[in-house]
Amino acid sequence: MSFKELQLCTPLLKAIADEGYTTPTPVQAQAIPHILAGRDMLAGAQTGTGKTAGFTLPMLELFSREQKPQSKKRNIRALILTPTRELAAQVGESVKTYGKYLPFKSTIIFGGVGINPQINALNNGVDILIATPGRLLDLINQKVVNLSHVEMFVLDEADRMLDMGFIRDIKKVIALLPAKRQNLLFSATYSDEIKKLCESILKNPAIVEVARRNTSSELVKQSVIFVDCKRKSSLLGHLIEKNRWEQVLVFTRTKHGANKLSEYLIKMNISSAAIHGNKSQGARTKALGDFKENKVKILVATDIAARGIDIDSLPHVINFELPNIAEDYVHRIGRTGRAGNDGEAISLVCVDEFEYLKGIEKLIKKTLDKNTIEGYEPDPSIKAEPIQQGRGGGGRNNNHRSKSNAQTPKKRDSSTHNRDKNRR
Ligand code: AMP
């Protein structure tokens, strides 16, 4: 799919080309047609998916199709609420970037900086307002902001908004919006609170998921198997053979890890393919096609590569390594248990990953079942290396730790080999 096929006007296509984008990301390809059709939308998408362009492009397109007379003072046609000033600034930047060949004015308002320049900008008239809730309410109270002409309301990172305690502010703002408007809600996770919020805001929404929205679907049986890092590959092979699994999506943290694990499985005579960002689109499409048609049993993927994977009856998801961003766990396990089918998500966790596990359990508000497998019990003398703290228990920059644990069968260390022999 191209941006042109999404029915965007020339000024937008030109701005997109200036940015060097050639194809829409999955969230853009899915969301833009719904938004252009005027529908409300719930999108399960997090930062990094291209979601900002996913709503700003169709917003600008719709506004350019129905331009208001220039002579009149501009009314606020779109309100975009974000939880943080950083996100407000980013979204504001995107609106300016994509709208640079269109005549619309936008402004960003957030707290912690002088209010007067924001008042001046608002008094000059804006079409698109990007705001954090607190400062917006301040300005509403000062009667500088009039929301009665808003045609489109966007709640960005709604889950974070709720985490930050903005629910009352959001409700106050919504009460000031006209009843007839288009609503778009973006959230990386899908808690009961978010569900309630969606029900109160969205009317018959289109649902777009580039990443799974459910925090931990009831249909997905989740568990953890403790195992030493070096023995994960052989344990995975063992589980696949013992349980006669026929279709398994396996997640690794790195592209290199995905390749090595896939090669390892092939050497064990288990059909497997790897997909990740370094593979050509053709190779990815083929691997996915083979996997869907059961020509290949195991698909090893990195988080990014798996975003577009949509298989309704996928029975097993294995986290060969836990993601260092806890939210990614939610997206991974959401690949199974879909469309009413039962699914199973098993995480192979070694001592180095305990912090990630804690972060995940905190996020999903659930303690996962933890097991060991006979013959693969972790060696208690192996201690964790210290890991950096960050979102989800680990930092994004843990590259030194993201090395693959996959080993070829020949290269297994002697202790593993002996233990395997004993097992047999
Ligand atoms: P977002 O998820 O909105 O924060 O966007 C993540 C990044 O993806 C931003 O740096 C965008 O500039 C970039 N981006 C958005 N859409 C595309 C696209 N279609 N192709 C390439 N990059 C994109």
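As the structure is a prediction and not an experimental result, all values here were calculated from the model. Computed over heavy atoms, backbone and side chain alike; hydrogens, waters and symmetry mates excluded. Every number for a ligand or one of its atoms is a count from 1 in the order of the listing.
- For the pair T84 and E157, the minimum side-chain heavy-atom distance is 4.5 Å or more.
- Considering only non-hydrogen atoms, atom 3 (O) of ligand 1 lies nearest to T52 out of T52, L57, T56, L87.
- Of all the heavy atoms in L36 and L62, the pair that sits closest is O-CD2, 3.6 Å.
- In E19, neither the side chain nor the backbone holds a heavy atom less than 4.0 Å from any atom of ligand 1.
- In terms of polar-atom proximity, defined here as any N/O pair under 3.5 Å, Y21 does make such a contact with ligand 1.
- When every heavy atom of A29 is checked against every heavy atom of M1, the shortest pair comes out as CB-SD, 4.0 Å.
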| said: Between F354 and F226, is the ring-ring contact (aromatic ring centres under 6.0 Å, His included) condition met? List the steps. | reply: CA-CA 10 Å; F354 287 1; F226 288 130; 5.3 Å; yes

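- With a 4.0 Å cut-off on non-hydrogen atoms, T22 does not touch ligand 1 at all.
- For ligand 1, none of its N or O atoms has an N or O atom of A53 under 3.5 Å away.
- Ring pair F104/F63 is perpendicular by interplanar angle, where above 60° counts as perpendicular and below 30° as parallel.
- Closest non-hydrogen pair, C350 versus D228, comes out as CB-C, 4.0 Å.
- Counting heavy atoms under 4.0 Å from ligand 1, residue F186 does not touch it at all.
- Close approach of ligand 1 to T23 (heavy-atom distance below 4.0 Å) involves ligand atoms 18 (C), 19 (N), 20 (N).
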